[in-house]
Amino acid sequence: MKVLIVGSGGREHAIALAVKKSQKVETIYCAPGNAGIAGIAECVPIAAMDFDALLAFAKEKDIDLAIIGMDDPLVGGIVDRFEAEGIRTFGPRKNAAILEGSKAFSKDLMKKYNIPTAAYETFDSPDEAIKYLETADIPVVVKADGLALGKGVLICTEREEAKAAVREIMLSKKFGDAGNKIVIEEFMTGREVSVLSFCDGKTIKIMSSAQDHKRAGDNDTGLNTGGMGTFSPSPFYTKEVDDFCREHIYQATVDAMAAEGRPFKGVIFFGLMLTPQGPKVLEYNARFGDPEAQVVLPRLKGDIIDIMDACIDGTLDSVPVEFTDNAAVCVVLASDGYPVSYEKGFPISGLDKFDEKEYFCFHAGTAKNEAGDIVTNGGRVLGITAVGEDLTVARKKAYAATEWVSFQNKYMRSDIGKAIEEV
Ligand code: AMP
Ligand code: GLY
């Protein structure tokens, strides 16, 4: 089989490694990929949003399966384009990817089908939003409706701050058209858990839980990032929480999408908040999480191609989705200054020690320079993952492995997975 993976981050590296384990796969292409993915796949310099060029490439190479890792092409309808040309593709069609592409859509869906989530209102007029904020409970969360690189969510602890957020998003267009509409939401407290799942339009199978660390600094300080590290499973995701979510959230979401004529095939990522009133949905994503994929996929048993095929064919009920009974921790090595501004182009050393069994080095922002050296090429540079018998062991191993790698301006959080000590 020939597989094309679309995307260029640590998530796509983790997907590529899982795909490589399949006996069925002969060749992996990745567009555009990165210097790490280039070690196991043939990277082609086509941007993830250049659908025409991707399609031409897929046809030329006679691709058997395309796997879309990123949100932008999914929300933009890449799966519909590929399928229309007869290319088998893993991921939701445009009418289902809207689950991530529009927060107003997903909130209305949850309300209509009684799926637990924060109370909210949607607005397409800034004046009405500001009027509503005169009397709304504070703190409040203001969210741009569309995709905004994970930055379109503003938690406001002051009324004036919330009004300013509305103006920034709707009038100054800080996130472009993503802010034509906004959601204003009740502020929730609790621990966050990420749960990824495979879906075939009717059946849903849950993957091992994970927890991300979104803030740039230790003890959850500093700006929001794409994610500075993860661990899996989450010890806070108890049997009780799992039972509740199975009863009220997971199947309910898949059924709701099917009932709306938008069957969801692919990965649904449930961002959950474990509130004092029980688990509630913070957000849906229509793809694997990054860096959640880096701690979940190394522990997936069996052949990921069988699972993806079953999602496409609607036969997921007959394919097991199982994980090894151990734990993984991923510490992101970033460029100092991320997520605001940072330098690129520094050579990276120490990349050859990872065995891809217990220790993994997932590349995110890396590239090869003209001399053939692997250099830093982004804010998040590498995801250092270790697998161990439990979270404590995995955490120690992951932090030990972060020392193997060096590059100028290397920055990481020192408290990824520290929360497990509270259990
Ligand atoms: P989202 O992209 O919707 O997941 O939001 C990004 C982050 O903002 C989440 O991971 C939470 O940490 C935070 N957040 C979003 N919505 C809420 C809410 N209603 N209450 C508290 N925190 C929230
Ligand atoms: N780690 C959060 C995300 O992938 O959106």
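Whatever order the structure lists ligands and atoms in, that order sets their numbers, starting from 1. Atoms considered below: every heavy atom in the structure, side chains included; atoms not considered: hydrogens, waters and symmetry mates. This is a predicted model, so every value here is computed, not measured.
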Q: Looking at atom 5 (O) of ligand 1, what's its closest protein heavy atom, distance included?
A: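 Closest protein heavy atom to atom 5 (O) of ligand 1: Val153 CG2, 3.4 Å.
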
Q: What distance separates Ile46 CD1 from Leu55 CG, expressed to the nearest 0.5 Å?
A: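 That separation rounds to 10.0 Å.
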
Q: Counting only heavy atoms closer than 4.0 Å, does ligand 2 sit against the backbone of Thr230, its side chain, both, or neither?
A: neither

Q: Using a 4.0 Å heavy-atom cut-off, say whether Met188 meets ligand 1 through its side chain, its backbone, both or neither.
A: both

Q: For Lys202, does its backbone N or O pair with a side-chain atom of Gln251 as donor and acceptor, under 3.5 Å?
A: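 Yes.
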
Q: Out of curiosity, Leu99 CG to Thr253 OG1, how far, rounded to the nearest 0.5 Å?
A: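 OG1 of Thr253 is found 7.0 Å from CG of Leu99.
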
Q: So which heavy atom in the protein is nearest atom 3 (O) of ligand 1, and how far is it from that ligand atom?
A: Lys143 NZ, 3.1 Å

Q: Is it true that, when you exclude Asp317 itself, more than 12 heavy atoms of the residues, nucleotides or ligands shown sit nearer than 6.0 Å to its CG?
A: yes

Q: Atom 5 (O) of ligand 2: which of Gln294, His213, Arg287 has the nearest heavy atom?
A: Arg287

Q: Just to be sure I read this right, does ligand 2 sit under 4.0 Å from the backbone of Glu292, its side chain, both, or neither, counting only heavy atoms?
A: side chain

Q: Among all protein heavy atoms, pick out the one at the shortest distance from atom 9 (C) of ligand 1; state its residue, atom name and that distance to 0.1 Å.
A: Glu192 OE1, 3.7 Å

Q: Does the ring center of Tyr284 lie less than 6.0 Å from the ring center of Phe269?
A: no

